[in-house]
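Read the structure below first, then the notes.
Throughout, residue positions are numbered sequentially from 1 according to the sequence presented.
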Amino acid sequence: MASLTLPPAPPNPRQDAIDLHKAFKGFGCDSTAVSNILAHRDSMQRGYIQHEFKTMYSEELSRRISSELSGNHKKAMLLWILDPAGRDATVLRDALGVEAPDLRAATDIICSRTPSQLQIMKQTYYAKFGTYLEHDIGQQTSGDHQKILLAYLGIPRYEGPEVDPTIVTHDAKDLYKAGEKKLGTDEKTFIRIFTERSWAHLAAVASAYHHMYDRSLEKVVKNETSGNFEVALITILRCAENPAKYFAKALRKSMKGLGTDDRTLIRIVVTRTEIDMQYIKAEYYKKYKKPLSDAIHSETSGSYRTFLLSLVGSH
């Protein structure tokens, strides 16, 4: 369930473009007006606004935002105006950049998306950047981490809720043999099961594993693997069991301790607002006994805070 709130009557994209242009004009930018418009438009409406803005003012809206806004507000807004696949592709391109690769962000994006989202994202990546996502992953990653990302991107998985209990039991046994039962770890088996099976199936495997061996599969993964390979497996497993809970935990981590990991905070808020932010807020409250909006309020400030809170909504 999305947390995005839209005006009662469908807004006119041309009027929105005019109002945005007004907010940019003159001395200083009325960043509140910019947020008030764009934070309450869905993906399609934002696309129309960008089209109208370019037609009327012969300038890309993204360029104007780049020159008028600053800091984290600008970063969040530039991601928000993109369509979901374009946004994921852009985050991945930055995360796989030669300058400062952020392999955790790349792993998070890839391993928390559905097969159909990954399909569109790969096509968008190539269309936007003229290179294959798989190629960039090949350049920036290595070993089992690289293997699992490429397999997760390349294998079409079933997205429905049905599971075959016989295969579930078989997979649980295979994972036990590949991990706890043997000295060392048979990573190939973990990669095969985690990348070939649907989320519903994997959640059933985790449950069967716990039932059969009285151990949590997540703990086994943590004991048997490490580094970004472990991050990939844990992300896949947690998203299979409960994506909203996974993102609630990731948000908490981004705001815990000294300083805020704004890159992660922006990425999750912006990418989940139109998908499942209401569920994430519920999970956050359930686990940390504090509304997500309160946490964001205390960790951010100014127009950046206003913007994120208008996306997340207060309740």
Which heavy atom of [X] sits nearest to which heavy atom of [Y], and what is that distance?
X    : Y    : result
E274 : S43  : OE2-N, 2.9 Å
I18  : M56  : CG1-CE, 3.2 Å
D164 : H201 : O-CE1, 4.3 Å
S112 : Y246 : CB-CE2, 4.3 Å
C29  : F24  : SG-CD2, 3.9 Å
W80  : L38  : NE1-O, 2.8 Å

Can you tell me how far [atom2] of [Y] sits from [atom1] of [X], rounded to the nearest 0.5 angstrom?
X    : Y    : atom1 : atom2 : result
Q278 : R272 : CD    : CZ    : 13.5 Å
L233 : K222 : CG    : NZ    : 12.0 Å
M77  : S31  : CE    : OG    : 8.5 Å
T131 : L96  : OG1   : CG    : 10.0 Å
T189 : K177 : OG1   : NZ    : 9.5 Å

[X] side chain near [Y] side chain, heavy-atom distance below 4.5 Å:
X    : Y    : result
L78  : S66  : yes
L217 : H210 : no
M1   : M277 : no
T195 : L153 : no
Q45  : P13  : no
R305 : H297 : yes
M255 : D261 : no
T271 : D88  : yes

Donor-acceptor contact present, side-chain [X] to main-chain [Y], <3.5 Å:
X    : Y    : answer
Q117 : T114 : yes
S298 : D294 : yes
E224 : V221 : no
E299 : T260 : no
W199 : E241 : no
R267 : V91  : no
R197 : R192 : no
R87  : L79  : yes
K54  : E59  : no
K289 : K286 : yes

[Y] reachable from [X] in the ILVMFWY side-chain graph, under 4.5 Å edges:
X    : Y    : value
M212 : V168 : yes
I193 : L150 : yes
L20  : Y57  : yes
I275 : L311 : no
I280 : I234 : yes

Is it true that atom [atom1] of [X] has more than 12 heavy atoms of other residues, nucleotides or ligands lying nearer than 6.0 Å?
X    : atom1 : answer
Y279 : OH    : no
F129 : CZ    : yes
K182 : NZ    : yes

With a 4.0 Å cut-off, would you call [X] and [Y] a salt bridge?
X    : Y    : answer
R215 : E180 : yes
E187 : K147 : no
R64  : E60  : no

Considering the options Q50, R46, H40, R41, which one meets the side chain to side chain donor-acceptor pair (under 3.5 Å) requirement together with D16?
->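 Single side chain to side chain donor-acceptor pair (under 3.5 Å) partner of D16 among Q50, R46, H40, R41: R41.
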Could you tell me which residues satisfy ring pair (Phe, Tyr, Trp, His ring centres under 6.0 Å) with Y132, sequence neighbours excluded, listed by chain and number?
->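 Residues passing ring pair (Phe, Tyr, Trp, His ring centres under 6.0 Å) with Y132: Y126.
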Trace of the side-chain hydrogen bond (donor to acceptor under 3.5 Å, both in side chains) decision for E159 with S116 | CA-CA 9 Å; E159 291 190 43; S116 39; 2.8 Å; yes
Does the side-chain contact (heavy atoms from CB on, under 4.5 Å) test come out yes or no for M121 and I109, once each step is laid out?
-> CA-CA 10 Å; M121 178 168 66; I109 289 275; 3.9 Å; yes
Residue among D174, L175, D144 satisfying side-chain contact (heavy atoms from CB on, under 4.5 Å) with F190 =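 Going through the options one by one, the only one that passes is L175.
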Derivation of the side-chain hydrogen bond (donor to acceptor under 3.5 Å, both in side chains) call for E283 and Y288 = CA-CA 8 Å; E283 288 291 345; Y288 307 111; over 6 Å; no
Y304 and I296: side-chain contact (heavy atoms from CB on, under 4.5 Å), yes or no, with the steps?
-> CA-CA 10 Å; Y304 169 48; I296 291 173; over 6 Å; no
Steps toward salt bridge (charged side-chain N to carboxylate O under 4.0 Å, His left out) verdict (K74, E68) | CA-CA 8 Å; K74 171 166 98 174; E68 297 286 352; over 6 Å; no
Does NZ or CZ of R238 come closer than 6.0 Å to the centre of the six-membered ring of F247, within 45° of the ring's axis?
->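 No.
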Is there a side-chain contact (heavy atoms from CB on, under 4.5 Å) between T141 and L103 once you walk through the steps?
-> CA-CA 8 Å; T141 62; L103 297 184; 3.9 Å; yes
Go through D30 and K25 one step at a time and tell me if the salt bridge (charged side-chain N to carboxylate O under 4.0 Å, His left out) criterion holds.
-> CA-CA 9 Å; D30 183 352; K25 246 168 67 180; over 6 Å; no
Look at the rings of Y213 and Y176 and say which category their plane angle falls in: under 30° parallel, 30 to 60° tilted, over 60° perpendicular.
->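 Y213 vs Y176 ring planes: parallel.
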Which of parallel (below 30°), tilted (30 to 60°) and perpendicular (above 60°) describes H73 and F307?
->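 It falls in the tilted class, 30° to 60°.
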For Y125 and D136, what are the C-alpha separation, side-chain angles and deciding distance, and is it a side-chain hydrogen bond (donor to acceptor under 3.5 Å, both in side chains)?
-> CA-CA 10 Å; Y125 194 94; D136 287 355; 2.5 Å; yes
Apply the test side-chain contact (heavy atoms from CB on, under 4.5 Å) to residues L265 and N72: give CA-CA distance (whole Å), side-chain angles for both, the deciding distance (0.1 Å), then the verdict.
-> CA-CA 10 Å; L265 178 60; N72 288 319; over 6 Å; no
